Amino acid sequence: KVKICALAIGHPRGGLDTASAGPLMLCGGCCRIFGGTDLRGLGLAKAKVVMHEDDSESDATPSRPARAARERLPSDHMDTDMAGGEVVGCGHSSRGPFEQFPKDVSKRNLPIVLFSDDASEQLVWHDGSILKGTVKCPPGRPDVWNRDPVSMSPGYLGFAIEPYEARYLHYSGVGIMFSRPMGGKFMQPSIDTILVCVALNKLFGEEGYEFNKVIDVGAGSGFIGKFAGMKAPGRGRLAVTLVDIDPIAEEYCRSNGFGARPRSELGREIGWDYRTTDALRLLEAESDFDLIISNPPYIPAQEEVEEDDGLAHPMGFWEGCGLLVRLLELVFEGRFAAGAHLIVMVTSLTLKSRRVRAMLAKAPEHKVCVRKLLEREIAWKAWYAGRGKGPSYLVATSAERGTRERLGDCDYYVGCTPPGESRFGGLQGARDRLYGYHWHVAYVLDISRSAS
């Protein structure tokens, strides 16, 4: 394997014998120079491109991009400018206005990360800032324009970020300045976070819904709960509870970088409540929440896949479906307020759990309605959020790969697919060239109990 240094070659073909090139090990800097271009299209027809993988939470080794890398971005990156807190000229209505933080919030060399309304595009400026509470986006085109976001940190395009590194994350008028405080164990915002917000946007845009008491279960960074607080339809005061078992999550959500606002976008007064406790005990003690949102650990442990009654409580922030199962049970038991909605993230990985599949299949018998607000294939870094290179018990069977399974009211894909075998392929089959990823299908479900 040849590890190429971007600074050494300067040009994709410079100093490299393409006729005899073997597998290439690429570092994050190289990907930034190439701007995410498939190297085989640059004369490396015989080369197999392999992304460098390590034990970090990013897709590539993070480093400050060289100025030269920006000059090599494709010319179809449309120029942008700043006006009134908005990025104009790139065609995204979700771009702004940016969050306004308290004046003591300032940070330079801050990545600005934006998503389009449907999360089909991600834009990143590496050198943004927040000065006295005001977000400043660099003029000119973005450093990264990701037209198929399948993870939050597309190292193959030149953006990778660790939990402790600061960034401004923005979706549909809501933003946070996030870096996980020292000692925190909760997960940083991921592509899941944005997809749950996309689904909430859909729910909130439908007629007939009003919500007055919201809880974000396993809130972590609190972005989902903040988004719900800003957007939830209804009249009068809105109560928003952010609960997590990690006390560092509460510490962050109380910070000025989180930036809880006193009023929603609809002008509703918001009462923010921060809890460090077992969310299930809280829900059993307070049953009057009418919007329960959770992006819980959703990767089954082996016993959950192989045993009908297998159940594992969350181990870390990714494995064990115990929290999800208990949330479903609370809906089945009618423990929430009349007309309450549980908005929950699961994926085709989750559906390898026999118990989860059985509960979804039996939902109609319990007069529980389940509908899919969102279906989207995303990447799974099995080498990080998993056991090595992807345990075989989570891989879809040959039948599961191409056919959805009917469970109650909805059809779902079950299991993950290995690298190079995306179910959907992405733009021009690009996903199958991302060799460091397995693939699973994300579902954001709206689960409610029929009034009858």
Side-chain angles (χ1 to χ4, degrees), residues 85 94 96-102 105 114-115 117 119 133 135 168-178 186-190 192-206 209-244 246 249-277 279 282-283 286 288-296 327 336-337 339-345 373-374 444 446:
S94 60
F98 288 145
E99 197 78 37
Q100 184 66 46
F101 295 98
V105 177
L114 313 182
F115 284 85
D117 286 343
V135 179
Y168 173 73
L169 176 64
H170 183 95
Y171 172 70
S172 192
V174 179
I176 60 173
M177 188 188 79
F178 179 80
F186 63 93
M187 189 173 181
Q188 67 175 329
S190 66
D192 303 359
T193 306
I194 301 302
L195 294 182
V196 173
C197 292
V198 172
L200 287 172
N201 243 354
K202 178 180 178 180
L203 177 70
F204 295 157
E206 297 173 354
Y209 292 119
E210 291 191 3
F211 300 104
N212 296 304
K213 192 171 183 181
V214 177
I215 184 169
D216 182 359
V217 175
S221 71
F223 190 94
I224 294 172
K226 181 176 181 178
F227 185 85
M230 293 301 100
K231 304 282 187 175
R235 293 166 290 180
R237 188 177 186 272
L238 175 65
V240 179
T241 298
L242 306 178
V243 57
D244 200 286
D246 188 344
E250 177 178 343
E251 174 188 328
Y252 167 72
C253 290
R254 288 181 177 275
S255 73
N256 286 341
F258 177 74
R261 301 187 215 168
R263 292 191 175 274
S264 76
E265 290 185 359
L266 302 177
R268 302 178 70 183
E269 179 188 353
I270 301 177
W272 296 95
D273 186 15
Y274 311 92
R275 305 279 189 99
T276 299
T277 188
L282 175 61
L283 288 170
E286 299 181 27
D288 56 343
F289 292 99
D290 53 19
L291 180 60
I292 303 94
I293 311 165
S294 187
N295 179 24
L327 288 171
F336 295 134
H341 288 252
L342 169 64
I343 307 301
V344 66
M345 174 86 161
L373 290 173
L374 179 144
V444 182
D446 175 15

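Here the structure is a predicted model, which is why all the values come from computation and not from measurement.
Each of N201, T193, D117 was compared with Y171 under the side-chain hydrogen bond (donor to acceptor under 3.5 Å, both in side chains) criterion, and only N201 meets it.
In this structure, NE2 in H341 is found 6.5 Å from CG in L203, a value given to the nearest 0.5 Å. Note: L195 CG to I224 CD1 = 9.5 Å, rounded to the nearest 0.5 Å. Atoms CD and CE, from E99 and M177 in turn, are 12.0 Å apart once rounded to the nearest 0.5 Å. Atom CZ of F211 is separated from atom CD1 of I343 by 6.5 Å, given to the nearest 0.5 angstrom. In this structure, the separation between CD1 on I293 and CD1 on I215 is 9.5 Å, given to the nearest 0.5 Å. Here the straight-line distance linking atom CD1 of I194 with atom CZ of F227 works out to 8.5 Å at 0.5 Å rounding.
Scanning all heavy atoms of the two residues, the minimum distance from P189 to L169 falls at CB-CD2, 3.5 Å. The minimum heavy-atom distance between I292 and A340, with the atom names listed, is CD1-CB, 4.2 Å. A228 approaches V214 most closely through the heavy-atom pair CB-CG1, 4.1 Å. Closest approach of M345 to P296, counting heavy atoms only: O-CD, 3.6 Å. Heavy atoms only, all atoms of each residue included: A279 and V243 are closest at CB-CG1, 3.8 Å. Annotation for E250 and R275: closest pair OE1-C, 3.6 Å, computed over non-hydrogen atoms.
Side-chain atoms of D246 come within 3.5 Å of backbone atoms of F186 as a donor-acceptor pair (strictly under, hydrogens ignored). No donor-acceptor pair closer than 3.5 Å links the side chain of W272 to the backbone N or O of P262. Of the possible polar contacts, one joining the D290 side chain to the K213 backbone as a donor-acceptor pair under 3.5 Å is found.
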* To do: Mind running side chain to side chain contact (heavy atoms under 4.5 Å, CB included) on L327 and L283 for me, showing each step along the way?
  => CA-CA 9 Å; L327 288 171; L283 288 170; 3.6 Å; yes

* Asked: F98 and Y168: ring-ring contact (aromatic ring centres under 6.0 Å, His included), yes or no, with the steps?
  -> CA-CA 10 Å; F98 288 145; Y168 173 73; 5.5 Å; yes

Q) Can D216 and K226 be said to form a side chain to side chain contact (heavy atoms under 4.5 Å, CB included), step by step? A) CA-CA 9 Å; D216 182 359; K226 181 176 181 178; over 6 Å; no

| Given R254 and L242, is the side chain to side chain contact (heavy atoms under 4.5 Å, CB included) satisfied, shown in steps? | CA-CA 10 Å; R254 288 181 177 275; L242 306 178; over 6 Å; no

What verdict does the side chain to side chain contact (heavy atoms under 4.5 Å, CB included) test give for K231 and V174, after you've listed the backbone C-alpha separation in whole Å, the side-chain angles of each residue and the deciding distance to 0.1 Å?
CA-CA 9 Å; K231 304 282 187 175; V174 179; 4.1 Å; yes

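N212 places a side-chain heavy atom less than 4.5 Å from the side chain of R268. Using a 4.5 Å heavy-atom threshold, the side chains of F289 and T241 count as touching. F258 places a side-chain heavy atom less than 4.5 Å from the side chain of Y252.
In this structure D192 satisfies the side chain to side chain donor-acceptor pair (under 3.5 Å) test together with Y298, sequence neighbours excluded. With sequence neighbours excluded, the residues satisfying side-chain contact (heavy atoms from CB on, under 4.5 Å) with E269 are R237, R263.
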